[in-house]
Number of protein chains: 2
Amino acid sequence: MEAADTPRLRLDRARLEANAARLRARAAALGVAFRPHFKTAKSVEVARLSHGGAPGPATVSTMKEAEALAASEAAADILLAATAIPARLPRAEALARAHGTRLLLVVDSPEMARQLDEAATAAHEVLVEVDCGEHRAGVPPEGALAVARAIHGARRLRLAGVMTHGGHSYATDDPARLAAVAEEERAAAVAAAEAIRGAGMPAPVVSVGSTPTLLHARHLEGVTEVRAGVSLFWDLAQMSRGLCGWEELALSVVSTVIGHNRAAGALILDAGALALSKDVTANAFAPETAYGRLADAETGAALPLHVTIVHQEHGTVPVPDPSWFGRLPVGSRVRVYPNHACLTAAGGYGAYDVVDGAGRPAGRWARVDGWH
Amino acid sequence: MEAADTPRLRLDRARLEANAARLRARAAALGVAFRPHFKTAKSVEVARLSHGGAPGPATVSTMKEAEALAASEAAADILLAATAIPARLPRAEALARAHGTRLLLVVDSPEMARQLDEAATAAHEVLVEVDCGEHRAGVPPEGALAVARAIHGARRLRLAGVMTHGGHSYATDDPARLAAVAEEERAAAVAAAEAIRGAGMPAPVVSVGSTPTLLHARHLEGVTEVRAGVSLFWDLAQMSRGLCGWEELALSVVSTVIGHNRAAGALILDAGALALSKDVTANAFAPETAYGRLADAETGAALPLHVTIVHQEHGTVPVPDPSWFGRLPVGSRVRVYPNHACLTAAGGYGAYDVVDGAGRPAGRWARVDGWH
């Protein structure tokens, strides 16, 4: 791997396994099923490993992820967490035919439920997405009943329950506030499910989750399952919110020092905007993060260096003094720990270089990027 | 295409052809060769079309792009504009063996020249990258001679000249300043080439370019070729700098309205951070751009709506009044014109949906994303 071209994604399997075990234990302690989200990993190997090596329930954000998990038999029970649209139904129906996959769809409006029903040529299980405070997708809890009725009254749709995502948990790093958001998430989902059941309709699934709320929920009474995904890998955005430590970060970008800009006092890396993304989510709580933090290529020890400017294929790393030009000569390698793992990993790497706990090569795992 | 899943990249072939013709005419008027950059398009069909349907010189940012252009015979003379590293040489040598491709490499330090020479098992043409004011990669003009000597004195490397990129042209929208940056770019490259020739070494190639400087250069005496790439597609970042008009934008993202968040006064699209990227380059000069501007799906007419928040697969579009919920119902489609075409197109689409001048489907062109 030393001679391989850069930039590359490096995935530490031992850390990944430890992170997954922590999430499973947390869900078990809360008495709910764990349905990991693969929008970050986009990998069938990570899906298997997240459940300790066996198939298990999964969350995805694209049909392409669902197809890969189903075809590999890494998951037969999949929740597509992005709002379903009619154009996706032929693929959903092919999945059920080919693999017997259970694919839970999500809608947040009676209109979309009706459009799905008109387009469907087979039965589909559908969840009502509830907005618990993030104000992105989802219907306010008081509107859930109308969406449920549209699903329940449809010919081809089967009302399967409710889901919500407490994404506003990322607006804070205060554990007490995180616990409060977790309770908002739980309460909104459970209230919607109870209203639906009170109206004589079924709601067997009550699905919640975000990494911060899973870790900070005081209890999850009434919830049946939790979702979380970036916590399999962690990143500096999560670390900046106190959710993980440096030694738990499983994903980094291996990059080559391609130049020394001595006039500007900076190293130039071959990891730029495509390799790292332009995401700066960590910076709300850790502004020094910029586009990512450097680490020693061999040991992973943190260096006091950050990628502060990105162009498409170039990353600029200011150095505090010129001794760094000797410590990191032209042609040497570094690891860059990403600001936001989800967007970084989607940069077009195609695959992970997996290493074992001692940093030895342990395979290459394909990623399932894109939509089509 | 109407029933196809979204998000998708839509490429207007007629606009692309007109943009390419404008660039060719501009280079011809300046008396230099045109070596279009494919870091934006990453497409062999766009490469062919950029030269009016025939093969021609090309610039790329990755070995993967070079391999695709060479294998398709879209280009046999390719400049790899990102600093070369030894790990890339086996691929470069395979390319020359398989296709006879001329691949111009770029370095900006004697150290990297020496490392390339040690790793090389065949001859490589190499350019000195000069920093003309962007302060990213490149050696200051006064350091060019030392880099040239390291290349010229190497066993396997052949000194082919100099290249520079006036990327600081993007810091202004003032035509006079753009002309001044173009002159900085030209002068730095020509001075470096003349210093090299004055020392008895060859410098046949003097390569400059950025879209703004190509369009604003007053003359290019001493230059042999220009590079420019995003100008084949254009985007809102370029439009915000006065470089193109709305009717020239060749690339857009077709997205579905997946929800109405009436409480928040916003449409929700299935084009989010992956589909649009988190690039906000346009916002320096057009802050209202946010992550992209909406247009009518059929006509492409601009709408007074922008994607202001992106999550991984969700884009939030505030609407000025509720009548927009009727004009753009759940399930309808929009076009989103991207803030920055290069990063948006690299989001993992895999291919372009090409349309003709009347908006009719005219094929699907694969993209060459990623590095490996």
Side-chain angles (χ1 to χ4, degrees), chain A residues 3-8 39 61-63 81-88 90-91 108-109 111-112 115 131 135-138 140 167 256 258-261 263-264 266 268 270 273-275 277-280 309 311-314 316 329-331 342-343 346-351 369-372, chain B residues 3-8 39 61-63 81-88 90-91 108-109 111-112 115 131 135-138 140 167 256 258-261 263-264 266 268 270 273-275 277-280 309 311-314 316 329-331 342-343 346-351 369-372:
Chain A
D5 202 355
T6 51
R8 308 181 78 78
K39 80 185 190 77
S61 63
T62 67
M63 276 306 302
T83 314
I85 62 173
R88 238 156 264 164
R91 294 169 75 170
D108 67 359
S109 66
E111 297 92 314
M112 191 60 91
Q115 290 175 33
D131 178 4
H135 308 319
R136 183 179 70 180
T256 299
I258 56 171
H260 285 170
N261 189 328
I268 309 298
D270 66 354
L274 289 187
S277 91
K278 282 201 156 179
D279 192 289
V280 290
I309 302 171
H311 293 88
Q312 186 158 334
E313 303 287 355
H314 296 81
T316 298
V330 167
C342 310
L343 267 69
Y349 293 90
D369 291 318
W371 302 273
H372 313 302
Chain B
D5 203 354
T6 51
R8 308 180 79 78
K39 79 184 191 80
S61 63
T62 67
M63 277 304 305
T83 314
I85 62 173
R88 238 156 264 162
R91 294 169 75 170
D108 66 358
S109 67
E111 297 93 315
M112 191 60 92
Q115 292 175 32
D131 179 5
H135 308 319
R136 183 179 70 180
T256 300
I258 56 171
H260 285 169
N261 189 328
I268 309 298
D270 65 356
L274 289 187
S277 91
K278 282 201 158 180
D279 193 288
V280 290
I309 302 171
H311 293 88
Q312 185 157 334
E313 303 286 357
H314 296 81
T316 297
V330 167
C342 310
L343 268 68
Y349 293 90
D369 290 319
W371 302 273
H372 313 300

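Residue numbers begin at 1 in each chain, while the letters A, B, ... track the order of the sequences.
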Which atoms of A/D270 approach chain B - backbone, side chain, both or neither, heavy atom under 4.5 Å: side chain
Winner by heavy-atom pair count (cut-off under 4.5 Å) against chain B, out of A/V280, A/I309, A/L343, A/T316: A/L343
Proximity breakdown for B/T6 and chain A, heavy-atom pairs closer than 4.5 Å: both
B/I258 versus chain A, the contacting section by heavy-atom distance below 4.5 Å: both
Under 4.5 Å from any heavy atom of chain A - which part of B/I268: side chain
For chain B, the option from A/T83, A/T256, A/D131 that forms the most heavy-atom pairs under 4.5 Å: A/T83
Largest heavy-atom contact set with chain A, pairs under 4.5 Å, which of B/H260, B/R136, B/H311: B/R136
Chain B interface, residue from A/H135, A/E111, A/H372 that has the most non-hydrogen pairs under 4.5 Å: A/H372
Closest non-hydrogen atom pair between B/Q115 and A/G331, with its separation: OE1-CA, 3.4 Å
Under 4.5 Å from a heavy atom of chain A, the part of B/A275 involved: both
Among the listed options B/N261, B/D369, B/T62, the residue most often paired with chain A at heavy-atom distances under 4.5 Å: B/N261
Under 4.5 Å from a heavy atom of chain A, the part of B/P90 involved: neither
Closest-packed option against chain B by number of heavy-atom pairs under 4.5 Å, given A/K39, A/R91, A/M112: A/K39
Close side-chain approach of A/E313 to B/W371, heavy-atom, < 4.5 Å: yes
Residue among B/A264, B/G259, B/S109, B/S61 with most heavy-atom pairs under 4.5 Å to chain A: B/S61
Residue part contacting chain A, namely of B/D108, when any heavy atom lies under 4.5 Å: side chain
For B/S277, side-chain hydrogen bond (donor to acceptor under 3.5 Å, both in side chains) partners two or more places apart: none
